[in-house]
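What you see is a predicted model, and the numbers here were worked out from it, not measured in a lab. Note on naming: letters A, B, ... go to the chains in the order of the sequence lines (proteins, then strands), and numbering restarts at 1 for each one.
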Number of protein chains: 2
Amino acid sequence: MREAGWCYGKLRRKGFRLTSPRQAILDVLAQNPRHLSAEEVFLLTHKSHPGIGLATVYRTLNLLTQVGIIRKFDFGDGRSRYELTAEEEEEHHHHLVCIRCGRIINYSDFMEKEKKFIKDLEAELSKKYQFKINSHQIYFYGLCKECQ
Amino acid sequence: MREAGWCYGKLRRKGFRLTSPRQAILDVLAQNPRHLSAEEVFLLTHKSHPGIGLATVYRTLNLLTQVGIIRKFDFGDGRSRYELTAEEEEEHHHHLVCIRCGRIINYSDFMEKEKKFIKDLEAELSKKYQFKINSHQIYFYGLCKECQ
DNA sequence: ATAATAATGAAAATCATTATCAACTATCAT
DNA sequence: ATGATAGTTGATAATGATTTTCATTATTAT
Ligand SMILES: [Mn+2]
Ligand SMILES: [Mn+2]
Ligand SMILES: [Zn+2]
Ligand SMILES: [Zn+2]
C-alpha cells in the first residue's frame, strides 16, 4: 500500500500540494487495485467525500499521472483507466485484453525474461534513436478463457 | 503495398463489400505510412473523393480494424490512430512515444529476440490463463532526442 | 497577518466518436 | 430480368468522456 509520505514528496518536489481531495482519490485507488475509470473513481470517492467533484477527479488523475504516482491505460473501451504505479519490482505487470468481452487480466509471469529483454532493448533503442526511456506498456490481445 | 485482392478476400469472407469509399480510404492509408487519425484520413481522402463523409471514414476504419486489415493505436493524444497491418514479417514494429512532444518513432530492432520472447510468453500465458493470443502491442514512453 | 499562489466545485464548453435515418446498391434466389 | 434481402452511404443529430472557465476557498511564504 502506498503511504502518504512518498506521494507527498513526489508532489511537493514539483510545487504541488497533497490536499484532502487528492488524498481521498489516492485512497480509493489504493483500496481498489483494479483498473478504475475516472467515473468509477468519482463514484467511489463520493461515498466518503461527497463534496469532491468530477472535475477534481479528472484534474487529480492527470496530475498523479504526470508525476508518475499512477499510470494511465487505454484498453479500448472508450475511457481511460488508472492504476497505482507498482512500488515493488514484484508488482510490475502487463495486461491481457480480451477483444470480445473486454476482460483485463494482469499477468506478471516471465518477468525475469522480460526484464532482460527490455533491458537489452532499451540500451539498443536509446543508443540508436537517442531516446530516453521512462516506462513501457505491453498489451496482448486475444480471447479469454470464456470467449474462445 | 497492399493490393486489392487481399483486402477483398478478407472482407468478402465475412460478408462485407470492398466499395469505392473503402478503396479510397485504403489507398490513403497505403500512401501515407504514418499514424493517421480519423480526421486526417478524412481530409486526405477528401482531396480525391470529396463526396466521402466523415462518418463513413469512421465506419470504414472500424471495419478494417475488425477484419485485421489495419491496426488501431492510442498514443495518448486523445484520438485513435491507424496503420496498415504489416504484411511481411520485416515490417512488424513497435513504438517509442515521446511524453513531451508526442513524437512517435517506429522501431523494428531486436525483432529476433522479441519473437522468441513473445513466443515463450504466449505459450506460458495460454497455458496458465487459457488465453488465446492474437496480437500484441509494445509501447516505450520517454523523451525523444529533441526533448531531453 | 498579509500577500501570493494553488486548488476546488459547479457549470458550460469541447471534441472525438457513434447512432439515426432515408436513400442507394450490390448480391442472390427465383 | 425481377424482386427480395442485406449491406452501404452521407448528412445530421446525439452521445459521452474530458477539459475549460470562473468565482471562491485553502495553503504557503513572507
Ligand atoms: Mn493492471
Ligand atoms: Mn507504427
Ligand atoms: Zn473474453
Ligand atoms: Zn519529443
Side-chain angles (χ1 to χ4, degrees), chain A residues 4 7-28 35-67 69-70 72-82 102, chain B residues 4 7-28 35-67 69-70 72-82 102:
Chain A
C7 297
Y8 184 78
K10 269 238 166 204
L11 288 171
R12 280 332 294 270
R13 199 165 306 131
K14 304 191 182 179
F16 302 117
R17 302 168 185 168
L18 182 46
T19 62
S20 146
R22 289 174 182 170
Q23 273 282 10
I25 290 166
L26 274 168
D27 288 346
V28 162
H35 310 98
L36 298 176
S37 66
E39 195 187 1
E40 288 169 342
V41 171
F42 169 70
L43 290 173
L44 288 167
T45 306
H46 194 266
K47 291 180 183 173
S48 47
H49 298 73
I52 297 176
L54 181 55
T56 296
V57 171
Y58 272 102
R59 279 188 292 241
T60 300
L61 291 173
N62 285 339
L63 179 67
L64 296 177
T65 302
Q66 285 305 318
V67 300
I69 293 174
I70 66 177
K72 184 178 184 175
F73 294 94
D74 172 56
F75 295 122
D77 65 343
R79 69 203 65 191
S80 297
R81 296 186 170 274
Y82 303 84
Chain B
C7 297
Y8 184 78
K10 270 238 166 203
L11 288 172
R12 279 332 292 273
R13 197 165 308 131
K14 303 192 182 179
F16 301 116
R17 300 167 187 170
L18 183 45
T19 62
S20 145
R22 289 172 183 171
Q23 273 282 10
I25 290 166
L26 274 168
D27 288 347
V28 162
H35 310 97
L36 298 175
S37 66
E39 195 187 3
E40 287 169 344
V41 171
F42 169 70
L43 290 174
L44 288 166
T45 307
H46 194 266
K47 290 181 183 172
S48 48
H49 298 72
I52 297 176
L54 181 56
T56 297
V57 171
Y58 272 103
R59 278 188 292 242
T60 301
L61 291 173
N62 285 339
L63 180 66
L64 297 177
T65 302
Q66 286 304 318
V67 300
I69 293 173
I70 65 177
K72 183 179 187 176
F73 295 94
D74 170 55
F75 295 122
D77 65 343
R79 69 205 65 195
S80 296
R81 296 184 170 274
Y82 303 85

Can you say whether a donor on the side chain of B:R59 sits under 3.5 Å from an acceptor on the base of D:dG10, or the other way round?
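Present.
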Indicate, yes or no, whether a donor-acceptor pair under 3.5 Å links the base of C:dT5 to the side chain of A:R17.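 Looking at the base of C:dT5, it does pair with a donor or acceptor on the side chain of A:R17 (distance under 3.5 Å).
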Self-check item: Nearest listed nucleotide, side chain of A:T19, among C:dA19, D:dT20, C:dT8
Solution: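 That would be C:dT8.
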Closest nucleotide among D:dA11, D:dT19, C:dT27 to the B:A55 side chain =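 For the B:A55 side chain, the nearest candidate turns out to be D:dA11.
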Looking for any heavy atom pair under 4.0 Å, which part of the strands does A:S80 touch: base, sugar-phosphate only, or nothing?
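If one applies the 4.0 Å heavy-atom cut-off, A:S80 turns out to touch the sugar-phosphate alone, with no base involved.
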If you look at every strand shown and take non-hydrogen atoms under 4.0 Å, does B:R22 touch a base, only sugar-phosphate, or nothing?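 Counting heavy atoms under 4.0 Å across all strands, the contact made by B:R22 is with sugar-phosphate only.
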- Would you call the rings of A:F42 and A:H46 parallel, tilted or perpendicular if under 30° counts as parallel and over 60° as perpendicular?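 Tilted, since the angle between the ring planes falls between 30° and 60°.
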**Study point:** Nearest heavy atoms of B:I52 and B:T45, plus distance in Å
**Key:**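 So the minimum-distance heavy-atom pair works out to CD1-CG2, 3.7 Å.
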What is the separation between atom OH on A:Y8 and atom P on D:dT28, rounded to the nearest whole Å?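 Going from A:Y8 (OH) to D:dT28 (P), I get 6 Å.
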Which whole-number value in Å describes the distance from A:D77 CG to C:dT18 P?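 Atom CG in A:D77 sits about 12 Å away from atom P in C:dT18.
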Reading DNA chain C from 5' onward, which residue's closest nucleotide shows up sooner: B:S37 or B:R12?
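Whichever sits nearer the 5' end wins; that is B:S37.
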inquiry  = Measuring only between side-chain heavy atoms, which start at C-beta, is A:L43 closer than 4.5 Å to A:K47?
reply    =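 No. Closest side-chain heavy atoms not under 4.5 Å.
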